[in-house]
Amino acid sequence: MATFLYRLGRGAFRRRRLVVLAWVALLFAAVLGAATASAPTSGSFSIPGTEAQRAFDLLDKKFPGMAADGATARIVIKAPEGAKVTDQNVKTEVEKVITGLKTGPGAAEVASVDDPYTTQAVSQDGSTAYVSVKYKVSGMELKDATRDALKESGQDARAQGLGVEIGGDALMVAPETGSGEIIGILVAAIVLVITFGSLIAAGLPLLTALIGVGIGVSSITALANVLDLGSTTSTLAMMIGLAVGIDYALFIVSRYRAELAEGRARDEAAGRAAGTAGSAVVFAGLTVVIALVGLAVVNIPMLTKMGVAAAGTVVIAVLVALTLVPAILGIAGKRVLPAGEKSKLFGKGRAKNPADTDAKPKPNGGTRWARFVLRRPVMVLLAGVIGLGIIAIPASKLEMGLPDDGAQPVSTTQRKAYDLMSDGFGPGFNGPLMVVVDGDKALADSTAERIKGLPGVAAVAPPMQNEAKDAAIVSVIPKDRPSSHATEELVRDIRDGSGDDVLVSGQTAMNIDFSQKMNDALLPYLALVVGLAFLLLMLVFRSILVPLKAALGFLLSVVAALGAVVAVFQWGWLASVFGVEQTGPIMSMMPIFMVGVVFGLAMDYEVFLVTRMREAYVHGERPGQAVVTGFRYSARVVVAAAVIMIAVFAGFLGASDQMVKMIGFGLAIAVLFDAFVVRMAIVPAVLALLGHKAWWLPKWLDRILPNVDVEGESLRKHLGEDSGPADGPDKDRELVNA
C-alpha cells in the first residue's frame, strides 16, 4: 500500500493544478446541490423495539389525526401580584393568545389548542394557568413562521402586566454555540503557526480541512430530504470532519517537511510523505469510519444515518489528505518552510544532497521526553494509570437520562416556564405520562384506578376513548420532575403491573426508553468498535501487544473522561467554572458518543505516533531507539493536533444548551487525557518495558495476515534502498544513558 500511496502523492504533486481544479469543481458542485435543495428537516425519529414507540404506533392507528409524535408547547401565564388568572381581564388576554394560535401565522401546523378554563389547567391558588398546544409535526420540523408565532403569542399579555413564559419541545432549535468555536479555530491557527513556523504551512491544513468539510456537509445538505437526514447530521459531520481533516493534513505536511529536511527533492518528499504518513492516515481514517458506522448497533435509524454521513465526511478527509494536500504543497513550493530553512535546504530551486544535511539531528522536546520515559518507565506508567484511575472513580456513579427544560439556562423562557409550572402545579406537570390502553372502557377504567394507587402519582385524568371505543388514553401526572429517579420508577411500576395491552408513552417515557436503549447498546458497540479496530491495528503494527495496549489505553482515557463529566455535570464539582447552572443525569447519548468520536481521534494519534516507531524498528533501529525516533518526528505534531482538537471542542463550552456544553467538555477532556497521558506517557512506558516483545507476532498469524506495509518497507525496496538488521536489545541501555 505504501508504494501505491507514494505514486498517488507524487502524481498529485506533479499534476497539482489539475488535482486542485478537480477538488474545487467538486466543492462547487456540492455547494450548488446544497443551495438548490430544499431545506433539511430533523428527519423522522423513532426508537424501534421500545414500549414508547409501540405506544406511538398504536396511537397513530387508534387515534388517526392525533399526531401523537407531534411537537407540544405550554404557554404558562401568571397573574400579577394580588390578581388571579380567573379575573375577567386576564381571561380576555388568555383568549387572545388562544385565538392567535388557532388563526394566526403557522396555524396550519397546529393540531389543537386547549383552553385552560375548560381543561382545568388552572392552579389551586388561581395564580397560574397554562395553554397546551399540540402540533402536527415534530419540534425540529416546525416552520420558522410557526415557531415565531408561538414565541410572540404572549406579547400582548405581557404588555398588560401578565407573566408569560413558553416551554415544550416546539421551541427546539439548533443550540447557539456562541463565539467559542471561532476562538477554537483561532487557537488552532496559532498552534499551527507555532508548530510549522510558516503561515503558508499553518494555513494549509485549515484550508484543506475546510474544503473537505465543505464538500461533505454540502453533500449531506443536498441529499438530506432524499435520504431523510436530520438537520443535526451535518453538525456531527462538520465537527468530526474538521477534526480529522486538520489532523490528517497536519500529519502529511509534517512528514513532507521532514523528508525535505533529509534532502529529498520536493516531488519525492511529497510521494514519501503520502506513502508513509499517508498509510497512517488511511488506517487512522478506517478506525474512525468503523466507530461511526458502528452506531448502527444501537438500532436507532437517526443515529445510524448520522454515523454513516459523518463517516462519509471522514473518507473525504482521507482522500483530501492523500491528493489535495500534496497538490497544494506543490503549488506552495518552498513557502511551507520557515525562512531560515529555505536557504539551508535549497540552492537555486534544487534540494541539497542528503549527505550535506546533518547526520545526527539535534534533540528536541520529544526526544528528551522519550529518553526520560525510557529511563523511568515504571514510574511514568504507574503515575499515568493511577492518575486516570482516580479521575475515573465518579464514572461508577454514572446516571443517564435526557435533560428536560429544567436543565435550560435560568434566563431562557423554557426554564422560566418550567419553574412556573413547578411552583403553580407541581414538578410532575412538566412531564405527564401518556398511558395508552388497547381495549374497552372497562379495561381503561381499571387501569386508571390501579395507577391511582401507585406511589409517585400526583393525579390521574379520566380515560379518554377513541371513536371506535376500543382504545383509550389515560393521562398520569407524576409527583416528581420528569428526569428524576422517582418518575423513572413510576414508569416501571405502571409497566410491571400491566399486560401487553397497556403501554406507557409520552415524552418522559420516550426519554427513559431512549436512555435504556443507549445503555443496553454500549457494551455491544464497544466490543464491535474495539474488536474491529484491534484487528485493523494488528494489520498495521504486525503485533498483538501494541493493539491491545492501544485499546486498553483508550478505555482508560474514556472512563476517566466520563468520570470528569459525572463530577462536573452530575455532582456539580467546579460547575460554576464551566457555566453549569443545573446538575442532573448525564445525557444518555454521551457514553456512546464519546466512545465513537474519541476512539477515532485517539487511534489517529496512536497510529501516527507508533507507526513512526514501527517504521524505525523495521528499518533497523533498536526498540528503545525506535521509541525515541518516533517521538522526535511525531510528538510535536501529535501534541499540536491534540491542542487543536481540545481548543475546538472546548469552544462548545460557550454554548447556551447544556447538552452541547457537556459534549464539548467531555470530548475536550477525553482528548486531553488520551493524547497527553495515554499516548505521550503510558504508550512509550509500556513499549520500553516490552522491548522487542512489543513487536512480536506468531509466525502462523504473520503468514495469515496480509502485509499492508504501513512502515514503507516495500517502498524502500521499490526505491532501491536497503535497511540494515536490527541491533540487539542490549544496546537499548546505551540510548537510555545517552
Side-chain angles (χ1 to χ4, degrees), residues 44-72 111-112 114 119-120 132 134-136 138 169 298-301 401-402 428-480 482-521 588:
S44 57
F45 180 79
S46 61
I47 312 178
T50 62
E51 181 171 320
Q53 186 62 49
R54 294 200 307 272
F56 278 126
D57 295 339
L58 181 62
L59 283 171
D60 287 337
K61 179 181 178 181
K62 299 290 187 178
F63 293 82
M66 181 181 177
D69 57 349
T72 59
S112 64
D114 293 340
T119 57
Q120 299 180 345
S132 295
K134 183 74 175 177
Y135 291 92
K136 298 176 182 177
S138 66
D169 59 351
V298 184
N299 193 27
I300 295 179
L402 285 180
F429 276 78
N430 284 296
L433 304 176
M434 184 187 300
V435 180
V436 185
V437 180
D438 188 11
D440 55 17
K441 186 176 185 301
L443 179 60
D445 290 339
S446 62
T447 299
E449 287 299 320
R450 183 182 67 81
I451 294 174
K452 287 180 181 178
L454 294 176
V457 174
V460 178
M464 181 183 71
Q465 288 190 291
N466 62 347
E467 292 184 3
K469 306 298 183 184
D470 61 352
I473 298 174
V474 179
S475 181
V476 180
I477 306 297
K479 288 182 179 178
D480 214 334
S483 59
S484 68
H485 277 299
T487 301
E488 187 174 343
E489 289 298 324
L490 175 59
V491 171
R492 290 199 181 98
D493 290 342
I494 296 174
R495 288 172 171 173
D496 291 343
S498 306
D500 295 336
D501 46 8
V502 177
L503 305 173
V504 183
S505 190
Q507 191 63 45
T508 300
M510 181 70 87
N511 290 350
I512 293 172
D513 287 352
F514 181 81
S515 299
Q516 185 61 48
K517 194 170 183 68
M518 298 296 289
N519 189 39
D520 294 341
S588 52

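In this chain, residues are counted from 1 in sequence order. Because the structure is predicted, anything quoted here is derived from the model rather than measured.
Residues Asp513 and Glu51 form a side-chain contact, since some pair of their non-hydrogen atoms from C-beta on lies under 4.5 Å apart.
Here the shortest heavy-atom pairing between Asp440 and Gln465 reads C-NE2, 3.9 Å. Residues Ala52 and Arg495 share a closest heavy-atom pair of N-NH2, 3.9 Å. Closest heavy-atom contact between Met518 and Ser588: CB-O, 3.6 Å. Scanning all heavy atoms of the two residues, the minimum distance from Asp493 to Arg450 falls at O-NH1, 3.9 Å. Residues Gly456 and Leu490 approach most closely at O-CD2, 3.5 Å, considering heavy atoms. Contact detail for Thr508 and Pro432: the closest heavy-atom pair is OG1-O, 4.4 Å.
From Asp480, atom CG reaches atom NE2 of His485 across 10.5 Å, with rounding to the nearest 0.5 Å. Rounding to the nearest 0.5 Å gives a distance of 10.0 Å between CG of Asp438 and CG of Leu59. In this structure, the separation between CD on Gln516 and CZ on Arg492 is 6.5 Å, given to the nearest 0.5 Å. Atom NZ of Lys452 is separated from atom CD of Glu449 by 4.5 Å, given to the nearest 0.5 angstrom. Note that the OG1 atom of Thr447 and the CG atom of Leu443 stand 4.0 Å from one another [nearest 0.5 Å]. Interatomic distance, CE of Met434 versus CE of Met464, reported as 8.0 Å (0.5 Å rounding).
Checked against Pro482 for a side chain to side chain contact (heavy atoms under 4.5 Å, CB included), the options Ile512, Asn511, Asn430 give a single hit: Asn430. Here the rule is side chain to side chain contact (heavy atoms under 4.5 Å, CB included) with Ile451, and of Val504, Ile494, Val502 only Ile494 fits it.
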Practice task
Show your reasoning for whether side-chain contact (heavy atoms from CB on, under 4.5 Å) applies to Thr72 and Gln507.
Solution key: CA-CA 10 Å; Thr72 59; Gln507 191 63 45; over 6 Å; no
Practice task
Apply the test side-chain contact (heavy atoms from CB on, under 4.5 Å) to residues Lys62 and Val436: give CA-CA distance (whole Å), side-chain angles for both, the deciding distance (0.1 Å), then the verdict.
Solution key: CA-CA 10 Å; Lys62 299 290 187 178; Val436 185; over 6 Å; no
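For Asp500, the CG atom is loosely surrounded, since the number of other residues' heavy atoms within 6.0 Å does not exceed 12.
At least one donor-acceptor pair closer than 3.5 Å links the side chain of Lys517 to the backbone N or O of Pro48.
Every residue meeting the side-chain contact (heavy atoms from CB on, under 4.5 Å) condition with Ala458, not counting sequence neighbours, appears here in chain and number order: Ile477, Lys479.
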